[in-house]
S.K.: 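Let me give you the structure first, and then I'll get to my questions.
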Amino acid sequence: MQLDLNLLTALDALLEEGSVAGAAARLHVTAPAMSRSLGRIRRATGDQILVRTGRSMVPTARALAMRAEVHALVQQAHRLLSARQELDLAALERVFTVRWHDSLTAACGTALIAAVHRQAPGVQLRLTAEPGTDTPELRRGEVDLESSSGRSTLSGIRHRLIGRDRLVVAVRPGHPLTEGPLSLERYAAAEHVTVSRRGRLHDPIDDALTTRGRERRVVAAGPTTAFALQLALDSDLVVTLPDAVTRAARDRLGLITLPLPLPSPDIPLYLQWHQRYDDDPAHTWLRDLATETVQALFPPPPASQEALTPGPGSDGYAPEQAQEG
């Protein structure tokens with residue numbers, strides 16, 4: 001059976017107005033056209049829908065029973081097909097998956113969850129760890145938003161630059177490197193810990209040292225920033241990592257921050273999502289809220305760099321990506 005769904009709109013108008021002429025005026029059609037629609041509705045439903053009583057028309061018992069449901073269906077269709085839906089945060093119920101590097105989650109995760117819950121208490125936020133390589137979850141819709149130090153190589157991925165970080169050196173209070181200026185020689189001579197989900201003991205800092213005729217000894221590789229910072233606190237190991245996203249964690253542990261005695265480029269921080277969510281009001285709200293939350297760590301980027309564009313890049317924002325590539 002083939003149904004003309006336009007008949008729902010006509011039926012809704014007929015039941016609301018209680019007359020063919022009133023429904024025709026409401027939908028901006030002629031009275032004969034509305035009369036033909038009523039005839040088709042009667043044939044489809046097997047019910048008269050409206051019957052004449054004297055000089056007026058009244059709905060049948062079945063028409064009265066279906067009036068509320070018909071109206072709800074028409075309103076739902078309008079919302080579904082509207083160019084831009086109104087977002088009611090108080091009524092929003094949705095689960096978002098945000099994949100951030102552990103240092104960014106530690107720095108901003110609490111603030112983001114608090115802001116989301118305050119504005120949209122029906123929203124659930126799932127923060128997950130980065131896998132360390134380009135994965136298709138963002139494209140498949142399994143991840144709504146992720147952090148990155150580069151732009152994904154996957155097609156259809158949007159990105160927004162929200163800040164730039166720099167590398168610093170963290171050591172325990174009383175560490176020998178805190179006595180006097182930190183030279184390249186003293187930095188290279190120290191024992192180091194790297195941050196690497198894949199356990200790498202070598203990264204681009206070693207390459208930069210090699211070009212200057214220096215070599216450092218990496219004693220350990222830690223899987224998370226929190227582990228590496230705690231190890232630096234409990235030993236004489238030195239950890240080199242991004243400044244802004246680890247500042248709060250370093251301060252909580254009472255670590256000493258020293259400038260890196262090597263020239264190094266800034267580390268960009270991007271938020272990424274799939275283009276299917278470009279016009280999704282709820283997703284737009286989430287990424288704007290995430291942007292606002294994360295940018296509290298950084299000076300705002302130039303307006304020209306905030307544009308949303310697809311492009312090539314890497315997997316996620318992490319010290320090891322600034323160092324491992």
Side-chain angles (χ1 to χ4, degrees), residues 97-113 125-138 142-143 145-150 152 163 165-172 175 177 187 190-209 216-258 260 262 264 267-272 290 294 297 313-325:
T97 298
V98 176
R99 187 165 65 191
W100 280 356
H101 185 262
D102 70 281
S103 59
L104 186 60
T105 299
C108 299
T110 300
L112 180 62
I113 290 174
L125 201 61
R126 182 166 51 200
L127 292 172
T128 65
E130 292 176 320
T133 55
D134 253 345
T135 56
E137 286 89 349
L138 203 64
E142 297 168 11
V143 171
L145 195 65
E146 74 175 14
S147 64
S148 174
S149 61
S152 176
D165 214 339
R166 62 187 180 92
L167 293 175
V168 294
V169 177
V171 296
R172 66 167 177 82
H175 192 284
L177 291 186
Y187 174 79
E191 295 182 327
H192 297 258
V193 56
T194 60
V195 179
S196 172
R197 291 181 296 268
R198 297 180 288 278
R200 293 184 178 179
L201 297 168
H202 184 280
D203 60 38
I205 287 182
D206 297 285
D207 297 332
L209 287 170
R216 67 175 180 168
R217 181 171 180 239
V218 176
V219 173
T224 66
T225 301
F227 174 84
L229 290 173
Q230 187 64 50
L231 186 57
L233 179 66
D234 295 337
S235 68
D236 278 344
L237 295 185
V238 175
V239 59
T240 304
L241 68 186
D243 177 32
V245 298
T246 65
R247 185 179 300 122
R250 298 193 319 268
D251 289 346
R252 282 194 299 270
L253 293 173
L255 290 166
I256 305 300
T257 300
L258 303 172
L260 178 67
L262 274 170
S264 63
I267 308 168
L269 174 59
Y270 295 93
L271 291 183
Q272 296 190 145
V294 176
L297 302 174
S314 62
D315 63 318
Y317 179 71
E320 68 191 80
Q321 288 168 331
Q323 302 166 3
E324 294 176 10

S.K.: Determine the minimum heavy-atom distance between Leu229 and Ala249, stating which atoms define it.
M.R.: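 Closest heavy-atom pair between Leu229 and Ala249: CD1-CB, 3.7 Å.
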S.K.: Before accepting this row, confirm whether a basic side-chain N of the pair Asp236/Arg172 lies closer than 4.0 Å to the acidic partner's carboxylate O.
M.R.: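 Looking at Asp236 and Arg172, the cut-off is met.
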S.K.: Give me the atom names and distance for the closest heavy-atom approach of Ala290 to Trp100.
M.R.: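 Closest approach of Ala290 to Trp100, heavy atoms only: CB-CZ2, 4.1 Å.
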S.K.: For the atom pair CZ (Arg216) and NE2 (His202), what is the distance rounded to the nearest 0.5 Å?
M.R.: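 If I round to the nearest 0.5 Å, the distance is 8.0 Å.
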S.K.: If we ignore hydrogens and angles and just use 3.5 Å, is the side chain of Asp102 paired with the main-chain N or O of Thr225 as donor and acceptor?
M.R.: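 Yes, the answer is positive, given that a donor and an acceptor are paired below the 3.5 Å cut-off.
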S.K.: What's the shortest heavy-atom distance between Ser147 and Leu269, and which atoms?
M.R.: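 Taking Ser147 first and Leu269 second, the nearest heavy atoms are CB-CD1, 4.1 Å.
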S.K.: What's the shortest heavy-atom distance between Leu177 and Ala190, and which atoms?
M.R.: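 Looks like CD1-CB, 4.0 Å.
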S.K.: Is a side-chain N or O of His192 found less than 3.5 angstrom from the main chain of Tyr187, in a donor-acceptor match?
M.R.: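 Answer holds: yes.
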S.K.: Mind checking the CD1-CG spacing from Ile267 to Leu167? Nearest 0.5 Å is all I need.
M.R.: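 Nearest 0.5 Å value for the CD1-CG distance: 4.0 Å.
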S.K.: Are the charged groups of Asp251 and Arg247 less than 4.0 angstrom apart, N to O?
M.R.: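 Result for this pair is no, no salt bridge flagged.
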S.K.: Quick one: OG1 on Thr97 to CD on Glu137, what's the gap to the nearest 0.5 Å?
M.R.: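 Taking OG1 in Thr97 and CD in Glu137, the distance rounds to 10.5 Å.
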S.K.: Please find the pair of heavy atoms, one from Leu201 and one from Asp206, that lie closest to each other, and give the distance.
M.R.: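 Heavy atoms only, the tightest pair is O-OD2, 4.1 Å.
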S.K.: Check step by step if side-chain contact (heavy atoms from CB on, under 4.5 Å) holds for Gln272 and Leu138.
M.R.: CA-CA 8 Å; Gln272 296 190 145; Leu138 203 64; 3.9 Å; yes
S.K.: What distance separates Thr246 OG1 from Asp165 CG, expressed to the nearest 0.5 Å?
M.R.: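 Here the rounded value is 7.0 Å.
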S.K.: Taking the side chain as every heavy atom from C-beta outward, state whether Arg250 and Asp243 have any pair of such atoms under 4.5 Å apart.
M.R.: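 Yes, at least one pair of side-chain atoms sits under 4.5 Å.
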S.K.: List the steps, then state whether side-chain contact (heavy atoms from CB on, under 4.5 Å) holds for Val98 with Leu125.
M.R.: CA-CA 7 Å; Val98 176; Leu125 201 61; 3.8 Å; yes
S.K.: Report the distance from atom CG of Leu127 to atom CZ of Arg99, rounding to the nearest 0.5 Å.
M.R.: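 The distance works out to 12.5 Å.
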S.K.: Let me confirm one number: the CD1-CG distance from Ile205 to Asp203, rounded to the nearest 0.5 Å.
M.R.: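 Rounded to the nearest 0.5 Å, the CD1-CG separation comes out at 5.0 Å.
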S.K.: So Cys108 and Leu297, do their side chains get closer than 4.5 Å, heavy atoms only?
M.R.: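 Yes; the side chains approach each other to less than 4.5 Å.
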S.K.: Test your reading of the model: is there a side-chain donor-acceptor pair from Ser235 to the backbone of Leu237, 3.5 Å cut-off?
M.R.: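 Pair found, side chain donor or acceptor close to backbone of Leu237.
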S.K.: On a heavy-atom basis, which atom in Ala232 and which in Ala170 lie closest, and how many Å separate them?
M.R.: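 Smallest heavy-atom distance, with atoms named: CB-O, 4.2 Å.
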